[in-house]
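In what follows, a structure is listed as structure tokens, so that the remarks can point back to it.
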Number of protein chains: 2
Amino acid sequence: MKIGTNEVERRVQAFSEVCRRYGAKATHQRREIYRELLRTDEHPAAETIYARVRKRIPAISLDTVYRTLRLLEKKGLISRAGFLNEKARFDANTLPHHHFVCTRCGFMGDIYHKERDEFLALRDVSAMGTVNSVHIELRGICKSCQKNSRLKDNYFFAILIVISTI
Amino acid sequence: MKIGTNEVERRVQAFSEVCRRYGAKATHQRREIYRELLRTDEHPAAETIYARVRKRIPAISLDTVYRTLRLLEKKGLISRAGFLNEKARFDANTLPHHHFVCTRCGFMGDIYHKERDEFLALRDVSAMGTVNSVHIELRGICKSCQKNSRLKDNYFFAILIVISTI
DNA sequence: CAGCTAAATAGTTATGATTACTAAAAAAAA
DNA sequence: TTTTTTTTAGTAATCATAACTATTTAGCTG
Ligand SMILES: [Mn+2]
Ligand SMILES: [Mn+2]
Ligand SMILES: [Zn+2]
Ligand SMILES: [Zn+2]
């Protein structure tokens, strides 16, 4: 489910504009890292992104890759996937979806679950491989933490871009 | 959903016997680590287990804790939970279940999903807190990996003990 | 289109959880 | 008890990720 080149460029452009609008700098490095993630559906690890972006920006530092990935994640433009004892995997697909992960080679494919009650038997899954285990985590804020609440992180980047695309 | 003291001791005993039967040594350290995990339902991290076991075995090393946790996991007696950028959390509850995790304090509670299609609205969840996001990973072996397959790890410890308990 | 200034980067070092290493200790068998 | 093999304690290494700091640059000003 890769998006086309035009849409990739449209989103990179939107990203640049939103950056400027909110006082963040739309640097070459940031654009290339984001573009690299928009281009692919294979959920690359940080090292992979680093290797690929380096072809176009040979002097880019690994630190910049990690820093930018954190920024994009904080702003809701990308998400982080994967389980413990694995490298983090990044995803610019902001549609709600789940993942099939091969525990042997690391292949990570998207699962869309309209019929949520049968996700184990979804065509998408059986086409990709055999399911051995299902991991579900519901993440949120527990009762006791809700009492001493604080302000949330801002997702303004994501909101602007997602709204303009759907 | 903690299990009683009798059941804890019964399982530690079963573990010792199964160890001997399969040529693994039922050491004091192993028994105490496993007992510590059987005793609680709070999914402690490795450091937490280390701290607790140290009260009874002051000279135990952190390495032994990690090594034993890996062993117990490999044999299917415990499972590892948690997402990326979190410490691993361990669980001796071998019933199939999911987790609610508080992203602020780390509280991890068990979710049983008889009605799988409505897991977002489960009583258990709403009693614990507010869900912000659902993470599902279906883990298994992809088509291309199934071709060059290898032998699986043995789960004989788990099989023996689980069968005798249910 | 220079010059300005806050923000971002490159290159490097540090961190923190987990794993590996090795001499010494201990469990189980004989 | 003695022997043999596994396991441990203590410590060093690893690996992904984050922090640090001098230098560079994006975007503004005129
Ligand atoms: Mn995805
Ligand atoms: Mn649990
Ligand atoms: Zn695979
Ligand atoms: Zn909490």
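Just so we're on the same page: letters track the sequence lines, and every chain starts at 1.
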Applying side chain to side chain donor-acceptor pair (under 3.5 Å) to Tyr66(A) and not counting sequence neighbours gives none
Is there a side-chain contact between His28(B) and Arg56(B) (heavy atoms, below 4.5 Å)?
no
Tyr22(A) atom OH is separated from dA8(C) atom P, nearest whole Å, by 16 Å
Looking only at dT17(D), dT18(C), dA28(C), the nucleotide nearest the Ala88(B) side chain is dT18(C)
- [ ] Could you tell me whether the phosphate oxygens of dA10(C), OP1 or OP2, come under 4.0 Å of any side-chain nitrogen or oxygen in Gln29(A)?
- [x] yes
Checking dT9(C), dG27(D), dT8(D) against the side chain of Arg30(B) (C-beta onward), the nearest is dT8(D)
Looking only at dT7(D), dT19(C), dT9(C), the nucleotide nearest the Ala24(B) side chain is dT7(D)
Hits for side chain to side chain donor-acceptor pair (under 3.5 Å) against Gln29(A), two or more places apart or cross-chain, chain-then-number order -> none
Closest of dA8(C), dT7(D), dA10(C) to the Thr27(A) side chain is dA8(C)
Ordered by number, residues from residues 54-63 of chain B within less than 4.0 Å of DNA chain D (heavy atoms) are Ala59(B), Ile60(B), Ser61(B), Asp63(B)
Rounded to whole Å, NZ of Lys74(B) lies from P of dT7(D) at a distance of 10 Å
The side chain to side chain donor-acceptor pair (under 3.5 Å) partners of Glu47(A) (sequence neighbours excluded) come to none
Exercise for the section: Scan Arg20(A) against the nucleic acid and name what it touches under 4.0 Å (heavy atoms): base, sugar-phosphate only, or nothing. Expected result: sugar-phosphate
Rounded to whole Å, the CG-C1' distance (Leu69(A) to dA16(D)) equals 13 Å
Residues passing the side chain to side chain donor-acceptor pair (under 3.5 Å) test with Thr64(B), sequence neighbours excluded, are Ser61(B), Arg67(B)
Just checking Ala45(A): base, sugar-phosphate only, or nothing, at a heavy-atom cut-off of under 4.0 Å?
nothing
Across all chains, not counting sequence neighbours, the side-chain contact (heavy atoms from CB on, under 4.5 Å) partners of Val101(A) are His99(A), Met108(A), Glu137(B)
The nucleotide from dT6(D), dT25(D), dA10(C) with an atom nearest the side chain of Lys25(A) is dT25(D)
